[in-house]
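First up is the structure itself, then whatever we jot down about it.
Nothing here was measured: the structure is a model prediction, and the numbers come from that model.
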Amino acid sequence: MISEALTTIRQRIADTARQYNRFPESVQLLAVSKTRSIADIVTAIEQGQTRFGESYLQEAIPKIETLRDKLLEWHFIGPLQSNKTRIIAEQFDWLHSLCQLKHAQRLNAQRPEHLSPLNVCIQVNISEEAQKSGIHLNDLATLAQAIAELPRLRLRGLMTLPAPSQKFEQQRIPFRRMRIALQELQASGLILDTLSMGMTNDMEAAIAEGATLVRIGTGIFGERLNRQKQ
Ligand SMILES: *Cc1c(COP(=O)(O)O)cnc(C)c1O
């Protein structure tokens, strides 16, 4: 099941990229493995998947430790709190949900010397929903410039999780605003290469608007059973 689903998702990514005149390799696949077992992750690894996204540290750390000898990339995509920064700085390769300078400063101080700088994306609350984390576009440039100064972080780009919508053209609107925001930061001199956007239900719209990394859970591993853990 997982291996067939992975093949299907890879095909969807490649087809959509070509449809919008993009190279299929320009869109990376992050397998969102939150709530999934180590056995499920191993199945995906056997199909060549190397990037995994986790939202809950308590379940992520045993997975990372168990799979330490595989050459994997671990991405933290869940909400960030001050008391989590140290473990993220020590255990992860990427963080997608950075949206406060004080968290960036802690991560910068806590990133171990023997590791390369932590790759980070700034999470943007593009639909300006009260319950969602992420900064508003108005505050983005100032935060991005400040984070880019921190030597133990490497600012790679932007991440978003827009308000859900079922219509393709509607889905494209927030993703387009994200692409423009990234281009404005690039024009101001920042070297950025990542737009982390698109999930199982809106990945085509995200790719159409320039996503360089899509975060796919359900489309690879099936419905999440633990419904409160979404
Ligand atoms: C769970 C989650 C995903 C994956 O969503 P699916 O709909 O299962 O593909 C992507 N991004 C974030 C931030 C998530 O929390």
Side-chain angles (χ1 to χ4, degrees), residues 1-14 24-81 84-98 107 111-112 115-123 133 153-154 156-161 193-203 206-207 211-227 229-230:
M1 286 271 285
I2 292 173
S3 58
E4 279 138 45
L6 253 178
T7 306
T8 306
I9 288 287
R10 286 178 181 142
Q11 195 61 50
R12 264 173 73 187
I13 293 173
E25 317 80 70
S26 68
V27 186
Q28 298 180 337
L29 173 58
L30 181 67
V32 176
S33 48
K34 65 183 180 200
T35 79
R36 315 299 179 165
S37 67
I38 288 176
D40 284 356
I41 296 174
V42 168
T43 305
I45 295 169
E46 285 164 356
Q47 301 302 317
Q49 182 62 32
T50 55
R51 295 184 186 88
F52 292 91
E54 290 282 339
S55 300
Y56 313 103
L57 286 177
Q58 230 177 316
E59 59 158 316
I61 299 308
K63 292 175 184 176
I64 294 173
E65 279 167 2
T66 306
L67 299 167
R68 182 78 70 197
D69 61 329
K70 317 251 186 220
L71 281 174
L72 304 176
E73 223 176 61
W74 291 97
H75 295 233
F76 189 78
I77 61 174
L80 189 56
Q81 289 156 15
K84 296 181 181 173
T85 56
R86 178 174 297 279
I87 195 133
I88 290 168
E90 289 174 353
Q91 300 289 340
F92 282 82
D93 304 294
W94 281 72
L95 166 68
H96 290 235
S97 47
L98 188 55
L107 291 158
R111 181 69 169 172
L115 298 177
S116 52
L118 179 67
N119 297 291
V120 298
C121 290
I122 297 175
Q123 182 173 354
S133 47
L153 302 186
R154 185 168 166 215
R156 299 295 294 266
L158 305 177
M159 179 272 226
T160 199
L161 213 138
D193 60 10
T194 302
L195 263 183
S196 164
M197 57 190 200
M199 311 197 290
T200 302
N201 288 325
D202 57 12
M203 57 172 259
I207 292 170
T212 65
L213 180 149
V214 290
R215 308 180 309 267
I216 308 296
T218 317
I220 296 171
F221 299 106
E223 288 295 324
R224 274 182 294 279
L225 296 175
N226 194 342
R227 294 221 137 256
K229 269 199 163 187
Q230 303 223 2

* CA sep, side-chain torsions, deciding dist, call: V42, L67, side chain to side chain contact (heavy atoms under 4.5 Å, CB included) -> CA-CA 9 Å; V42 168; L67 299 167; 3.9 Å; yes

Side chain to side chain contact (heavy atoms under 4.5 Å, CB included) involving [X] - partner list, sequence neighbours excluded:
X    : value
T66  : I38
P79  : none
E4   : none
T218 : T200, E223, R224

Within this structure, what is the [atom1]-[atom2] distance for the pair [X] and [Y], rounded to the nearest 0.5 Å?
X    : Y    : atom1 : atom2 : value
L80  : Q123 : CG    : CD    : 9.5 Å
L118 : R154 : CG    : CZ    : 11.5 Å
S26  : I207 : OG    : CD1   : 8.5 Å
I122 : T194 : CD1   : OG1   : 12.0 Å
K70  : F52  : NZ    : CZ    : 10.0 Å
E59  : I64  : CD    : CD1   : 10.5 Å

Set of residues satisfying side chain to side chain donor-acceptor pair (under 3.5 Å) with respect to [X], sequence neighbours excluded:
X    : answer
Q49  : none
S37  : none
R215 : S196
R156 : N119, D193

In the structure I gave you, are the side-chain heavy atoms of [X] and [Y] within less than 4.5 Å of one another anywhere?
X    : Y   : result
H96  : L30 : yes
F221 : T35 : no
I220 : L29 : yes
L213 : H75 : yes
I2   : Q47 : no

* Those residues that, when tested against R10, pass salt bridge (Lys or Arg N to Asp or Glu O under 4.0 Å) (two or more places apart) -> none

* Asked: By salt bridge (Lys or Arg N to Asp or Glu O under 4.0 Å), which residues pair with R86, not counting sequence neighbours?
  ->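 Result, salt bridge (Lys or Arg N to Asp or Glu O under 4.0 Å) vs R86: E90.
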
For [X] and [Y], work out which heavy atoms get closest and say how close.
X    : Y    : result
I216 : M199 : CD1-C, 3.5 Å
A206 : G198 : CB-CA, 3.5 Å
G219 : A5   : O-CB, 3.4 Å
P62  : L57  : CD-O, 4.4 Å
A89  : P112 : O-CD, 3.3 Å
T85  : L107 : O-CD2, 3.3 Å

* Check: S55 side chain, I77 main-chain N or O, donor-acceptor pair, under 3.5 Å ->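 Flag not set: sc S55 to bb I77 has no pair under 3.5 Å.
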
* Got more than 12 heavy atoms from elsewhere within 6.0 Å of CD, Q58? ->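 Atom CD in Q58 is not packed in, count stays at 12 or less.
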
* Using ring-ring contact (aromatic ring centres under 6.0 Å, His included) as the criterion, list what pairs up with F92, not counting sequence neighbours. => F76

* To do: Mind jotting down which residue pairs meet the salt bridge (Lys or Arg N to Asp or Glu O under 4.0 Å) criterion with at least one end in residues 40-54? Sequence neighbours excluded, please.
  =>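 Matches after skipping sequence neighbours: R51-E73, E54-K63.
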
